[in-house]
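Chain A is the first sequence line, chain B the second, and so forth, proteins listed ahead of strands; every chain is numbered from 1.
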Amino acid sequence: MTNVDLARLLGRLAALSELAEDNPFRVRAYRRAARTVLELEEQIADLLERGVDLTELPGIGKDIARKLATMVESGRLPDLDALAETVPIGLIEVTEVQGVGPKRARTLWQALGVRDLTELQRAAERGAVAELDGFGAASQAKILAGIEAHRRHARRLRLGDADAVVRPLLERLRALPGVQRAEAAGSYRRRRETVGDLDLLVVAEDGRAVGEALAAMTGVEEVLGSGDTRTSVRLQGGLQVDLRVVPPESFGAAWMYFTGSKDHNVALRQAAVGRGWRLNEYGLYEGGGRRLAGADEREVFAALELDWIPPELREHRGEIEAAREHRLPALVAVDDIRGDLHMHSTWSDGKNSVREMMEACERRGYAYMALTDHSQALRMTGGLDAEKLARQFEELDAITAERPGITLLRGLEVDILKEGELDLDDAWLARLDIVLVSVHSLFDLDRDRQTERVVRAVSHPEVNVLAHPTGRLLGERDGYDLDLDAVFDACLANGVAVEINAAPERLDLNDVHVLAARHRGLIVSIGTDAHRVRQLDSMRFGVEQARRAWLPAEAVLNTRPLDEVRRFLAKGG
DNA sequence: GCCGTTTTCGGCCCGACTGTTTTCAGTCG
């Protein structure tokens, strides 16, 4: 069982326990443990094999450690199976409907016999829900709409897609009369790879007016609720937007509060409580009620004797301790990037010529770039064989002479073939300045064979970067089954960098994997995999994920000057 | 169920909105 599987089972145990009206603090403990497991760099199964004591992990005590061991051994969680005998497992999805929590789900089950989403829908459609105590016609209608929404919009939005929504929305809010400031918060501000809903924060006197203005904007499909300080709407396409309006003196505290993460906030509050203070979205207050800070984030952090924490780090992964001890890393920034090491041109499946790509990179202020078209195995992309590569080299000779402002590294994204062989002969590999390798076929090999295949590929002496190492496509396809630890070890042993593929549909490696790679001492290369000029701008998505993994600039290959990059590519360190 | 230079027992974050209620529980973030 992978950590994802283990976390899912613990989450279900939490949900069912809650429905069974178990001790709420136990429920919370299960949820916390699930989160710990999900965010762990190493697999629980591996830790157990090495004899590591799981109770060392935050939120995991003797009981949950035992449950984890059982799950790894047997693939089952007996407590969950036992609970499922008494509470229908389908009630979990009932609680996922907007406006239905554990209490109401339990009522629906006990009074109407509702056991899953479909039965809830039937009960609501025949009017039975409205008859229940504590429910009414409005609740019933809301539940029906909620079921519909749940079915349509269960998926989270990719960060790149969210950007396209957020920017114009913020501009329109800023243009409203009385709006002094409008910012995005939530997971969007923390730059998580996907966004479940959108939190916007506005400074204005008249909150109701701003909320009404939002509700009236084009693109708003439904108003979910509105009040003096809060308005929630659902946009066409399904994204839920929660708008909060605060006075200026509370802006910093509110921005922190609504940026989260939830666990980060809880830890911050506890830091305040430890001093006998109180922290909420309006400010930081002394026991007597005197306000200590609130208008500005830095002021609130400072009052708690903490350095300001970049939003990407606010995931309760040790950032508060680091901020207290002044050892937060100086995170890599887009401006640190000196070149893009993964892109395509019309020589394979790119849409722009080499010349256009070079001009575009020069405009972005890069000192160097790597042209990495596909190799021949990818027929549909027009991948290059040795003969075509020879012709490309001739063109590159001419073009590079024209553009002395930027250095073009001659590269190829070489396909990893069935048994880990490379899709280009050694003589030609040696002539390339940079060799990326990646998997584009046989995604379904079993874990051992897939791992062996990739390990063999990165062990070839001419290989420099493992591109999109897991092959996942966000919201579409899981990565191939791979023992990443073994792959990382092989990369480290062979002087190979691992890529953060910055294409917003990939973001591969993800933040957690990068953290693991970095702790091993691996070098990370952030590449856009651009197939057209515009996609070169995806670099920032890759940088953001690197920041979420605590990376400083020096951990990223393409922040280095060209001579150092060349030395790395020559495997000289 | 977890956790502890405040504690090994007794805590565990907190405010807004909704719909139903006629004073508040449930839900959400």
Would you indicate what [X] reaches in the nucleic acid, counting non-hydrogen atoms under 4.0 angstrom: base, sugar-phosphate, or nothing?
X       : answer
V27(A)  : nothing
V97(A)  : sugar-phosphate
A137(A) : sugar-phosphate
P102(A) : sugar-phosphate
N23(A)  : base
D197(A) : sugar-phosphate

Of the listed nucleotides (dG15(B), dC13(B), dC28(B)), which one gets closest to any side-chain atom of R269(A)?
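Between dG15(B), dC13(B), dC28(B), the one nearest the side chain of R269(A) would be dC13(B).
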Any idea which of dC13(B), dG1(B), dG15(B) is nearest the V266(A) side chain?
dC13(B)
Counting only distance, no hydrogens or angles, is the base of dG29(B) paired donor-acceptor with the side chain of D242(A) under 3.5 Å?
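No, no donor-acceptor pair under 3.5 Å.
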Check if the side chain of Y257(A) and the base of dG29(B) share a donor-acceptor pair of N or O atoms closer than 3.5 Å.
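Indeed, a donor on one side and an acceptor on the other fall under 3.5 Å apart.
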Determine the Euclidean distance between corresponding [atom1] atoms of [M] and [N]; express it in Å to zero decimal places.
N       : M       : atom1 : answer
dT20(B) : dT27(B) : C1'   : 13 Å
dT8(B)  : dC13(B) : C1'   : 24 Å
dT23(B) : dG19(B) : C1'   : 13 Å
dG26(B) : dT21(B) : C1'   : 12 Å
dG11(B) : dT6(B)  : C1'   : 12 Å
dC12(B) : dT7(B)  : P     : 16 Å

Pairwise 5' ranking along DNA chain B for G136(A) and N280(A), keeping only the more 5' one
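By nearest-heavy-atom nucleotide position, the 5'-most residue is N280(A).
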Taking the nucleotide of DNA chain B with the closest heavy atom to each, which residue, T229(A) or L279(A), is nearer the 5' end?
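On the 5' side of the pair lies L279(A).
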Between atom [atom1] in [X] and atom [atom2] in [N], what is the gap in whole Å?
X       : N       : atom1 : atom2 : value
E96(A)  : dT27(B) : CD    : C1'   : 15 Å
Q240(A) : dC28(B) : CD    : C1'   : 9 Å
I60(A)  : dC3(B)  : CD1   : P     : 9 Å
R234(A) : dC28(B) : CZ    : P     : 13 Å
R208(A) : dA16(B) : CZ    : P     : 14 Å
H264(A) : dG29(B) : NE2   : C1'   : 15 Å
Q270(A) : dT6(B)  : CD    : C1'   : 14 Å
R244(A) : dC17(B) : CZ    : P     : 9 Å

Is R190(A) close enough and on-axis enough to Y188(A), meaning under 6.0 Å and within 45°, for cation-pi?
no
[X] side chain near [N] phosphate (N/O to OP1/OP2, under 4.0 Å):
X       : N       : result
R26(A)  : dG1(B)  : yes
R28(A)  : dC13(B) : yes
S232(A) : dC17(B) : no
S139(A) : dT18(B) : no
R104(A) : dG19(B) : no

Write down the partner of dC28(B) under the Watson-Crick or G-U wobble criteria, each distance required to be under 3.5 Å.
dG15(B)
Do L509(A) and L484(A) have side chains that approach each other closer than 4.5 Å (heavy atoms only, starting at C-beta)?
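Yes, at least one pair of side-chain atoms sits under 4.5 Å.
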Using salt bridge (charged side-chain N to carboxylate O under 4.0 Å, His left out), reason through R230(A) and D242(A) one step at a time and then give a plain yes or no.
CA-CA 7 Å; R230(A) 260 176 69 168; D242(A) 295 318; 5.6 Å; no
Less than 4.0 angstrom from a charged side-chain N to a carboxylate O is my criterion; do R327(A) and E325(A) meet it?
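A salt bridge links R327(A) with E325(A).
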Is the aromatic ring of F25(A) within stacking range of dC12(B), meaning centres under 5.5 angstrom and planes under 30 degrees?
yes
Among Q545(A), R191(A), R192(A), R548(A), which one satisfies side chain to side chain donor-acceptor pair (under 3.5 Å) with D511(A)?
R548(A)
Going by distance alone, is a donor N or O of one side chain under 3.5 Å from an acceptor N or O of the other, for D53(A) and T55(A)?
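Yes.
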Is it the case that T218(A) and R172(A) place a side-chain donor and acceptor less than 3.5 Å from each other?
yes
